[in-house]
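We're numbering straight along the sequence, starting at 1. Both ligands and their constituent atoms are indexed starting at 1 by order of listing. On a predicted model such as this, the values are computed, not experimentally measured, just so you know.
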Amino acid sequence: MDWKDSADQAAFRAQVRQVIENKLPERYRAGDGDWERDRKSEDVRARDAATAWTAALAEQGWVAPHWPKEFGGAGLSPMEQFIFKQEMAQSGAPSVGGQGVSQLGPTLIVHGSDEQKAQHLPKILSGEVDWRQGYSEPGAGSDLASLQTRAIRDGDDYVINGQKIWTSLAHHADWLYVLTRTDPNAPKHRGISFLLVDKSTPGITVRPLIDMSFRHHFNEVFFEDVRVPASNRVGEENRGWYVGMTLLDYERSNITGAVANRRTLNKLMAYLGTPDGKAKSTLADNPGLRLEIADRAIETEVMFNYSFRIISMQARGLIPNYEASMSKLYNSELNQRTAHTGTKLFGLHSNVWPGDAHAAMEGEFTRTYVSSVSSTIAAGTSEIQRNIIATRGLGLPRG
Ligand SMILES: Cc1cc2nc3c(=O)[nH]c(=O)nc-3n(C[C@H](O)[C@H](O)[C@H](O)COP(=O)(O)OP(=O)(O)OC[C@H]3O[C@@H](n4cnc5c(N)ncnc54)[C@H](O)[C@@H]3O)c2cc1C
């Protein structure tokens with residue numbers, strides 16, 4: 001692999017940098033705010049920042065970098081997408097469009113009817129409609145095909161009853177894409193249908209689940225006799241498993257994670273050079289901690305190489321499989337190790353939450369120490385990634 005940009009890639013990188021430099025709202029430059037929450041925030045400055053940034057990306061056609069041009073995407077090559085993501089992550093610029101852009105849109109492009117594409121794709125691109133994923137249930141996570149939420153055909157509608165859980169940001173969503181069981185007698189993967197559900201439909205209740213970093217991110221979603229037009233089914237009845245599993249997120253390289261980790265370490269180094277660097281004495285007394293920081297820096301460079309491996313495969317038209325699991329596993333565990341190193345470094349200061357005068361670096365490491373616990377569970381747990389690496393990568397037999 002050639003590590004340097006070609007002339008065209010360098011020109012594209014410069015163009016992305018320039019748009020970020022000229023158009024990224026101050027709020028995101030300062031590391032505040034998050035597009036998905038800002039979109040519907042009560043704070044008018046937050047809403048304005050989300051709208052302005054969506055407009056700036058839309059002007060370039062970059063809201064959906066990986067969608068084909070005919071559907072309003074940028075049709076970027078895998079390498080250009082990689083450069084785009086890298087530059088966005090480097091500057092802390094949020095991507096826009098949420099799971100509508102990353103997951104539902106590409107699914108509709110492959111499996112949706114012309115009517116479904118015409119109805120939903122433009123509103124995803126404009127940021128008008130936010131989509132969220134209703135897959136997991138209390139008894140169906142890693143073994144998702146065990147899901148029990150029922151959809152029974154009744155005339156031109158399906159009637160849905162059941163419960164979803166861990167539905168990220170469902171409280172901000174306008175629509176949900178939901179896996180439902182339409183044939184309880186079929187083998188479990190073959191009795192599932194993929195439905196598009198307007199969240200304002202009567203019978204839907206969204207209840208918050210507050211996580212251990214005191215954030216409202218997760219929800220439980222209850223469906224009681226929820227009527228959904230049958231025309232909202234994507235693909236054939238009972239073939240929804242294959243629709244739901246269409247691999248949608250092109251960003252499998254985790255480059256955002258590698259860049260974010262490098263940024264965090266750089267910030268840490270800069271802070272240690274300031275007069276109030278709360279970890280200074282610990283660091284001076286403890287060579288082990290100094291070595292630990294060096295380990296994290298080396299591991300971050302290793303993570304970059306995992307990312308480059310994925311992207312070089314995609315650029316050659318190959319579909320990463322166990323290689324994506326390796327990258328996901330390494331990245332999620334690196335997040336946790338980096339947070340752990342930071343909290344050790346700041347000693348007792350790590351026991352206080354952001355906002356407290358005794359917090360080091362505004363409590364950044366305390367917060368990520370708690371929030372990064374979920375990174376080895378979300379999008380497939382570490383055990384599931386290891387199963388994939390063992391069976392598909394190493395060719396070991398299934399247990
Ligand atoms: C931050 C975050 C965001 C999420 N957002 C969403 C969302 O928006 N929508 C949604 O539908 N879901 C969402 N989820 C749920 C997520 O998909 C599930 O938590 C995940 O699939 C694991 O399922 P589970 O929690 O039921 O754990 P389980 O599957 O019950 O697993 C419990 C433990 O058993 C292990 N285990 C399970 N099966 C095996 C096996 N075959 N071999 C070895 N070990 C095994 C697991 O690794 C884990 O340690 C989110 C989760 C997180 C953490």
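In this structure, Gln133 has a heavy atom closer than 4.0 Å to ligand 1.
Note: Trp175 and His120 have perpendicular aromatic rings, judged against thresholds of 30 and 60 degrees for the angle between ring planes. Between Tyr135 and Phe194, the ring-plane angle classifies as perpendicular under the 30° and 60° cut-offs. Below 30°, between 30° and 60°, or above 60°: for Tyr306 and Tyr330 the angle between ring planes is between 30° and 60°, a tilted geometry.
Between the side chains of Gln163 and Glu137, not a single donor N or O lies within less than 3.5 Å of an accepting N or O. For the residue pair Asn254/Ser307, the side-chain donor-acceptor check at 3.5 Å is not satisfied.
Atom 18 (C) of ligand 1 has as its closest protein heavy atom Ser136 OG, 4.0 Å.
Against a heavy-atom cut-off of under 4.0 Å, Ile384 is close to the following atoms of ligand 1: 38 (N), 39 (C), 40 (C), 41 (N). Interface of Thr381 with ligand 1, defined as ligand atoms under 4.0 Å from a residue heavy atom, comprises 22 (C), 46 (C), 47 (O). If you number the atoms of ligand 1 from 1 as listed, the ones under 4.0 Å from a heavy atom of Ser168 come out as 3 (C), 4 (C), 5 (N), 6 (C), 7 (C), 8 (O).
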Mind listing the side-chain donor-acceptor pairs of residues 91-99 below 3.5 Å, one per line with the distance, residues two or more places apart or on another chain?
unit_1, atom_1, unit_2, atom_2, d
Ser91, OG, Glu87, O, 3.1
Ser91, OG, Met88, O, 3.2
Gln99, OE1, Gln133, N, 3.1
Gln99, OE1, Tyr177, OH, 3.2

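In Leu169, neither the side chain nor the backbone holds a heavy atom less than 4.0 Å from any atom of ligand 1. Contact annotation for Leu144 and ligand 1: no heavy atom of the residue comes within less than 4.0 Å of the ligand.
Distance screen at 4.0 Å: atom 37 (C) of ligand 1 has a protein heavy-atom neighbour inside the cut-off.
Other cluster members for Phe223: Tyr158, Ile160, Leu176, Val178, Leu195, Val197, Ile204, Val206, Val221, Val226, Val228, joined by side-chain heavy-atom distances under 4.5 Å among Ile, Leu, Val, Met, Phe, Trp and Tyr.
In terms of polar-atom proximity, defined here as any N/O pair under 3.5 Å, Glu383 does make such a contact with ligand 1. For a threshold of 3.5 Å applied to N or O pairs, the pair formed by Ser374 and ligand 1 contains no separation below that value.
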